[in-house]
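Encoded as structure tokens, the structure appears first; notes follow it.
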Amino acid sequence: MATTVEAPGTSPIGRSTPRVDGPLKVSGAAKYASDFHFPGMLYAVPVGATIANGRVVKIDAAAAEKMPGVRKIFHRENIGKISRSVLGPGFEGICDERRPPFEDDVVRYYGQYIALAVADTFESAKAAADAVRVSYDKEKPNVSTDLKADDEPQVVVTTFGPANRVRSERGDAAGAFASAPVKLDQTYVTPAETHNPIELHATTAIWDGSTLTLYESSQGVFNLQGVLAQMFGLPKENVRVITKFLGSGFGGKLWPWTHCPLAAAAARQLGKPVKLVVSRKMMFQTVGHRPRTQQRVRLGAAADGKLISLQQDYVNDKAILDHYHEDCGEATAFQYSVPNLRVAFGRAKRNIGSPTAMRGPGAVPGLYATESALNELADQLKIDPVQIRVLNEPKIDESLGIPFSSRHLLECFSVGAEKFGWSKRTAEVGSMKRDGLTLGWGMAGCTWVAARFPAAASVQLRDDGTARVACGTQDIGTGTYTVLAQLTAQRAGVPLDKIEVVLGDTSLPAGPISGGSMVTGSVIPAVFAAADNAIASLLNIAVTTPGSAFEKRKPDELAFEGGRVFAKVDGVAKGVPFADLLGRANLRLVTGGGEGAATFGNPKPKFSTQSFGCHFVEVTWQAEIARLRVSRVVTVIDAGRILNPLAGRNQVEGAVVMGIGMALFEHTTYDPQNGAPINSNLADYVMAVNADVPPIEVHFLDYPDKEINELGARGIGEIGLAGIAAAITAAVHHATGVRVRELPVKIEDLI
Amino acid sequence: MHTFEFGRPADAAAAIATAARAKTAQQGADVRFVAGGTTLVDLMKLNVETPGRLIDINRLPLDKIEATADGGLKIGATVRNSDLANNAVVQRDYSVLSQAILAGASAQLRNMATTAGNLLQRTRCMYFRDTAMACNKREPGSGCPAITGANRMLAVLGTSEQCIATNPSDMCVAMAALEATIHVQGAKGSRAIAFGEFHLLPGSTPERETVLEPGDLITHVTLPAPLAGSKQVYLKLRDRASYEFALASAAVVLTMKGETVTGARVALGGVGTKPWRSHEAETALVGQAADAATFRKAAEAALRDAKPQSENGFKIELAKRCLAYALKTAATA
Ligand SMILES: Cc1cc2nc3c(=O)[nH]c(=O)nc-3n(C[C@H](O)[C@H](O)[C@H](O)COP(=O)(O)OP(=O)(O)OC[C@H]3O[C@@H](n4cnc5c(N)ncnc54)[C@H](O)[C@@H]3O)c2cc1C
Ligand code: SF4
């Protein structure tokens, strides 16, 4: 494993750093979107359709309107104008559910908002929403779980613009498969999964004339600002979005959902601040989910396991009006070496709310399928699953024909195998035992894209020796506050506890979405440039301030280190703290701005920038009572330089826990009769709890990737969820002999 | 809004007098006692229960665990589940009850939940808990969408054409095996109800779940004197390791002489429309060698009349394995 560049102990980079916002969170002082209260504020509760397909015939709000404390029941006739928004240009105007709420009287999914009760208290609003009577023209919904691709053209519309349904192609995949000596042809299914961050989606909307302020639980305040400006016909600068803290989002809060314009429209009409908190049940209906996927994987190989052909044909379900594509082929084309490859997709319309990105979108379900197929091929050929991967390690990114900036997947495998004790594995099903339990050992590789979004930041150095760093990006809970403090500490030489970090506000320099695991990598150049510019101003001040120790010098004779300005000839020991310089100049502060350019979406990259890793998993199986448990996980991640190992490990552990849920528990069930997501609560939507979490070992390789930024840090938030389900299902097979190809693995599959 | 009156009666008689004015003590009751509130308040938030009046019984003197004259145990109606599970006598003499309670819910819920409230907890059938759906139990005659829909968690024993809802309680399974008696004070005096007669099968009236009538206040539960030398096990199987209702569970109380079973009381949870005492399994056990073949036979007997639905057929085999393993664990304890 690589070693850290800076001497340990001096740099905050690479040091395990507890969350700087931790005390605020544990003391309850951190304010989430629904924690903001304003005088005269009203509460809104939406009414969701109780059919999944049909038309609203009549909304009878008479009784609800007469209830105490009720201000208004809004519906299509009286909500006022809410316009559509459009995509782009650039990475803007993104929205998975484009139809403005209440636009027509057609119901296309269960829970779709059809009315909104607004009252003086939450309780009154809820009671009023429950009292609204709706009659429908009902049609049978289509929530069929058997996904066949709809008839769509070769180039289809997706959330992010047009996309070719052939995602990647090289050689002659079909021909090579037909003549391959060894073949595997299997279909893998992942169910709809619902994001369940503990913090519910929430909006508090306040109008001041033609200016709209939104306190929103958002992973992308700037995108939301642009979309809401369009929906209300406002200049973008008239919309301000604030997200100080997020109780996570897992991708569900990346793009705007319909509750937000509803709250804004109600606030506009009533001339009061309006708060709307989406209920847990509505979280299953109206704010996205990971779609169901059905993926056929065909592998052709030589007798020694060398891949000859790889075909992945997948379908995801999507909402009637919208265009979500679950990019299951994201990693397929570069992860392993194969001369003939074709990855293509289709989609199937269903009466469901729009799917959206969920932690590791595309690659997570995609790698479950391709890594599972590889495991099956290895078993078929009686080759060790690690070995088949080593055998198919590519020299370059074969989909783009360019080298990887930094790829150490083979080292991940060897480190993982060693830490796990993989060499003791006996391949035969059910052959390993411990304490009367049958053991299953499985493994899989993983990868996740690394890139930068554009980012801007500002850094201030202040006359009391403190610094302030500001960026409009959000902290989704992963430690962004802490990383910005670390970066500023590193560059400006100010101790962590003297740095104020300000995030989550469109009035700050534009920052990236909290998505794609790209925030850390993206803000590094921006924060460093901002700090450098603040320091440059400081040096100018040092040479121009009367009485300054550096009055006679030129700026380029000075340097800055550890918070001190010094003459290069004299060395840092004779330096002057920046607070003293500012004091002498009668300046409260100096500010520097900085920007970092995007690498994401670069049409002609020189390098393929990806993170890599692998999971080794042990399950225990007790056939007598059909009890399956994950008992041990070793995960190795090659994600470039790890800035904060504490937060980094926390991300990977959390992802592994989520992966246990994905493999064994999580699934959203749509009632076949009325189309409702029927298990829409935390009791019936089963996910891993503490008792399901085994010892998890996380190892980072820590090789800096200088193509990404000067520190060499890639992202860490999503990769841990990729591949884990395939490792678990392989372990399940090793223990039980049952090959489960539709997640989650259920007791009934094994009994 | 469903407003309701909240009252705290001075004594049991006042509580009973008020409750006796209700039209029913079953689904749709307009007066409800409230104990821990973990079932009732939950269902009120969902509008599944809409009582106009709540009678708080938490301050009535019903919170003691005491020895009875015949060597058994008297458990007050408002004894918290945590206190019951951690009671030294219960742990020693009725450990199956302690194990069952601790296998359920979470520590926080058990701290609130009471003996009587647990006896009366409602099914977790997802359609029952959502007023936008049809449900014969909630709205008699409206239909049962579970039979044609999501029924993985629901019952295979004691079902009817009208309702297949599972009784979700863990505590009740242990009480069924311990042959508990439920003591009720009502408008017409007090009565004792054998555990097996307390809960009703759904039949054509799934809205009726127990024999309770308006005004009936459960005052306590008694357990008979412990079976000397009995071995007791509660085993609960579910998808995840904790905090989930049972897919199948088994409570067993065994007495043995050498390798032979001399007495057996068996009940199943998670599979029945009521806490499921299995006399069939008991008959298959008594007098037989305590071995795998006997245990499997007992399990087969217990599930002989099971009726699978579209998604829950696996529960039949799961319940058999659960019972056989619980018996094995008890026999070898
Ligand atoms: C998230 C969650 C998970 C759970 N998991 C489990 C589990 O795994 N296993 C399990 O067994 N249970 C579980 N439970 C259920 C829990 O055990 C019950 O909710 C609890 O036992 C009910 O007791 P209570 O005192 O809170 O009842 P309350 O809600 O106060 O009352 C329930 C009913 O009993 C009536 N009642 C109460 N006392 C009397 C009396 N003295 N006389 C007559 N009527 C009375 C009330 O009127 C009401 O109708 C869970 C509950 C929740 C919310
Ligand atoms: S099983 Fe019973 S509780 Fe569930 S929907 Fe059917 S009638 Fe209602």
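Scope of the values below: all heavy atoms of this structure, side chains included, with no hydrogens, waters or symmetry mates.
No part of B:Asn312 comes within reach of chain A, as not one of its non-hydrogen atoms sits under 4.5 angstrom from that chain. For B:Arg129, no part sits under 4.5 Å from any heavy atom of chain A, backbone or side chain. The contact between B:Glu317 and chain A is made by backbone and side chain atoms together, counting heavy-atom distances below 4.5 Å. For A:Ala676, the part sitting under 4.5 Å from any heavy atom of chain B is the side chain, from C-beta outward, and nothing else. Looking at A:Tyr110, the atoms closer than 4.5 Å to chain B (heavy atoms on both sides) all sit in the side chain, from C-beta outward. If you measure heavy-atom distances from A:Leu750 to chain B, you find no contacts under 4.5 Å at all.
Using a 4.5 Å heavy-atom threshold, the side chains of A:Leu664 and B:Asp239 count as separate. Using a 4.5 Å heavy-atom cutoff, the side chains of B:Phe314 and A:Asp749 are not in contact. You'll find the side chain of A:Gln622 reaches within 4.5 Å of the side chain of B:Tyr325, heavy atoms only. Here the side chains of B:Met133 and A:Asp671 are not in contact, with every heavy-atom distance at 4.5 Å or above.
The choice from A:Ile747, A:Asn679, A:Asp130 that makes the most heavy-atom pairs within less than 4.5 Å of chain B is A:Ile747. Contact count against chain A (heavy-atom pairs under 4.5 Å) is highest for B:Gly149 among B:Ala132, B:Gly149, B:Ala324. Looking only at heavy-atom pairs under 4.5 Å with chain A, the residue among B:Leu237, B:Leu235, B:Asn47 that has the most is B:Leu237.
Note that CD1 of A:Ile751 and NZ of B:Lys320 are 10.0 Å apart. Values are rounded to the nearest 0.5 Å.
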